[in-house]
2 protein chains.
Amino acid sequence: MTENESGRDGPIEIIQREMTAFARRARASAARMHPELSLVSFTLLSHLEDRGGCRATDLAAYYTLDKSTISRQVGALEKAGLVERRLDPDDHRVQVLHLTERGTGLLKGVTDSRRVAFRERLAGWSGPDLERFAEYLLRYNAGAPEGEVS
Amino acid sequence: MTENESGRDGPIEIIQREMTAFARRARASAARMHPELSLVSFTLLSHLEDRGGCRATDLAAYYTLDKSTISRQVGALEKAGLVERRLDPDDHRVQVLHLTERGTGLLKGVTDSRRVAFRERLAGWSGPDLERFAEYLLRYNAGAPEGEVS
DNA sequence: ACTCAATGTTGTACTGTACAACCATTAGTG
DNA sequence: CACTAATGGTTGTACAGTACAACATTGAGT
């Protein structure tokens with residue numbers, strides 16, 4: 001092994017820098033595009049839609065966020081009428097969270113316009129390049145350290 | 001063009017989701033790894049090192065941050081002894097920012113340990129895959145919307 | 001010389017987040 | 001069964017990061 005691992009450090013440096021750059025911008029960028037739904041809210045709502053409802057604890061575990069953070073986020077989403085809490089009849093500690101109709105609608109709008117933005121941004125890419133890039137990202141994120149599953 | 005642009009939407013959806021997931025985690029992840037230097041501080045210090053010193057306004061423009069944000073960030077970095085402000089003799093409005101010795105040292109430490117982390121995370125990747133992934137990320141970020149150059 | 005632009009700092013406010021203390025409820029054990 | 005422990009959630013508090021607007025200082029252009 002050479003000093004920089006046989007030239008692997010070049011690409012690694014770039015990957016590090018570019019992922020970091022992206023991360024630094026993403027929140028603000030998302031906020032500019034969708035002032036009505038932050039990146040965090042968007043992902044929480046998406047998760048709710050994917051799962052067809054889940055508990056606050058599940059969200060906390062999935063996103064590695066504190067339960068208090070989730071509690072307040074969900075509180076805000078509820079106040080905005082995007083989410084509703086249903087008491088679980090079997091376990092009265094639990095509130096099952098569901099998208100409201102309004103939440104579903106807003107999520108759909110934002111999802112669509114995000115898709116359009118990504119489509120535009122990736123417009124010049126060939127099909128195979130898109131597929132490889134997607135695959136690389138999956139692989140990269142799958143290797144996330146302990147407890148950072150998404 | 002079919003409804004979903006000839007199957008391009010699959011990968012696009014994945015790219016969107018995975019980039020977003022990464023962005024959501026990056027800050028907290030960086031903070032866990034390096035409690036002594038936030039992701040933002042790290043990038044500011046890096047920029048200073050790259051450029052060999054620059055003005056607060058340059059940082060603000062480069063990172064699309066408000067000048068007040070930069071002012072306070074730099075203030076904190078200065079208080080921590082990582083950065084020093086030198087009055088520009090030609091223009092007394094300007095402070096040229098430079099890494100201190102301590103700043104250089106800390107930056108080096110964090111940079112190294114980040115490199116190690118990324119190396120580990122990408123350990124199973126082939127050379128060509130690393131290169132392609134790096135290339136894709138560059139290309140992707142180069143296509144960032146207006147004013148989001150890094 | 002006067003006005004205008006550029007550089008920064010400070011006051012204020014909001015979001016996202018964590019941690020710790022707490023309440024309510026359920027589960028496990030002697 | 002009764003008590004203790006674990007689980008689910010909320011609330012108090014604190015901090016980082018950020019923006020916007022008002023301001024002070026300094027330099028530039030007519």
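So that the names make sense, note that chain A is the first sequence line, chain B the second, and so on, each numbered from 1.
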So how far off straight is the helix from C/dA1-D/dT30 to C/dG30-D/dC1, going by the axes through five pairs at either end, to 10°? 10°
Distance below 4.0 Å between [X] side-chain N/O and [N] OP1 or OP2:
X: B/Thr69; N: D/dG17; answer: no
X: B/Thr57; N: C/dG8; answer: yes
X: A/Ser38; N: C/dG16; answer: yes
X: A/Arg32; N: D/dA19; answer: no

Please give me every residue in residues 39-49 of chain B whose heavy atoms get under 4.0 Å of an atom in DNA chain D, ordered by residue number.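 Only B/Val40 qualify.
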Interatomic distance where [atom1] belongs to [X] and [atom2] belongs to [N] [whole Å]:
X: A/Asp58; N: D/dG8; atom1: CG; atom2: C1'; answer: 11 Å
X: A/Glu36; N: C/dT15; atom1: CD; atom2: C1'; answer: 16 Å
X: B/Asp66; N: D/dA16; atom1: CG; atom2: C1'; answer: 16 Å
X: A/Leu59; N: D/dG9; atom1: CG; atom2: P; answer: 9 Å
X: B/Leu65; N: C/dG8; atom1: CG; atom2: C1'; answer: 15 Å

Quick one: ring pair (Phe, Tyr, Trp, His ring centres under 6.0 Å) partners of A/His34, sequence neighbours excluded? none
Just checking A/Ile70: base, sugar-phosphate only, or nothing, at a heavy-atom cut-off of under 4.0 Å?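 Counting heavy atoms under 4.0 Å across all strands, no contact is made by A/Ile70.
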Between B/Leu122 and A/Arg8, what is the shortest heavy-atom contact and its length? O-NH2, 3.0 Å
Among the nucleotides D/dC20, D/dT18, D/dG9, whichever has the atom closest to the side chain of A/Arg55 is D/dG9
Show me, pair by pair, the donor-acceptor contacts under 3.5 angstrom made by side chains of residues 67-82 of chain A, not counting sequence neighbours?
residue: A/Ser68; atom: OG; partner: A/Asp66; partner atom: OD2; Å: 2.6
residue: A/Glu78; atom: OE1; partner: A/Arg85; partner atom: NH1; Å: 2.4

Look at the aromatic rings of B/Tyr63 and B/His47 and report parallel, tilted or perpendicular, splitting at 30° and 60°.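 Answer is perpendicular, since the angle exceeds 60°.
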Mind telling me whether A/Trp125 and B/Tyr140 have parallel, tilted or perpendicular rings, with 30° and 60° as the class edges? perpendicular
Which atoms of nucleotides 12-14 of chain C (N or O only) lie under 3.5 Å from a protein N or O atom, and what are those distances?
residue: C/dT12; atom: O4; partner: B/Arg72; partner atom: NH2; Å: 3.2

Please check: side-chain N/O of B/Arg114 versus main-chain N/O of B/Ala30, any donor-acceptor pairing under 3.5 Å?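 No, because the side chain of B/Arg114 does not come within donor-acceptor range (under 3.5 Å) of the backbone of B/Ala30.
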Any sub-3.5 Å donor-acceptor pair from A/Thr104's side-chain atoms to A/Thr100's backbone N or O? yes
Between B/Lys67 and B/Gln73, the residue closer to the 5' end of DNA chain D by nearest nucleotide is B/Gln73
Short N-O contact, A/Arg139 and B/Asp129, less than 4.0 angstrom: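 Result for this pair is yes, salt bridge flagged.
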Nucleic acid contacts of residues 77-99 of chain B, taken as heavy-atom distances under 4.0 Å to DNA chain C: B/Arg85, B/Arg93, B/Val94, B/Gln95
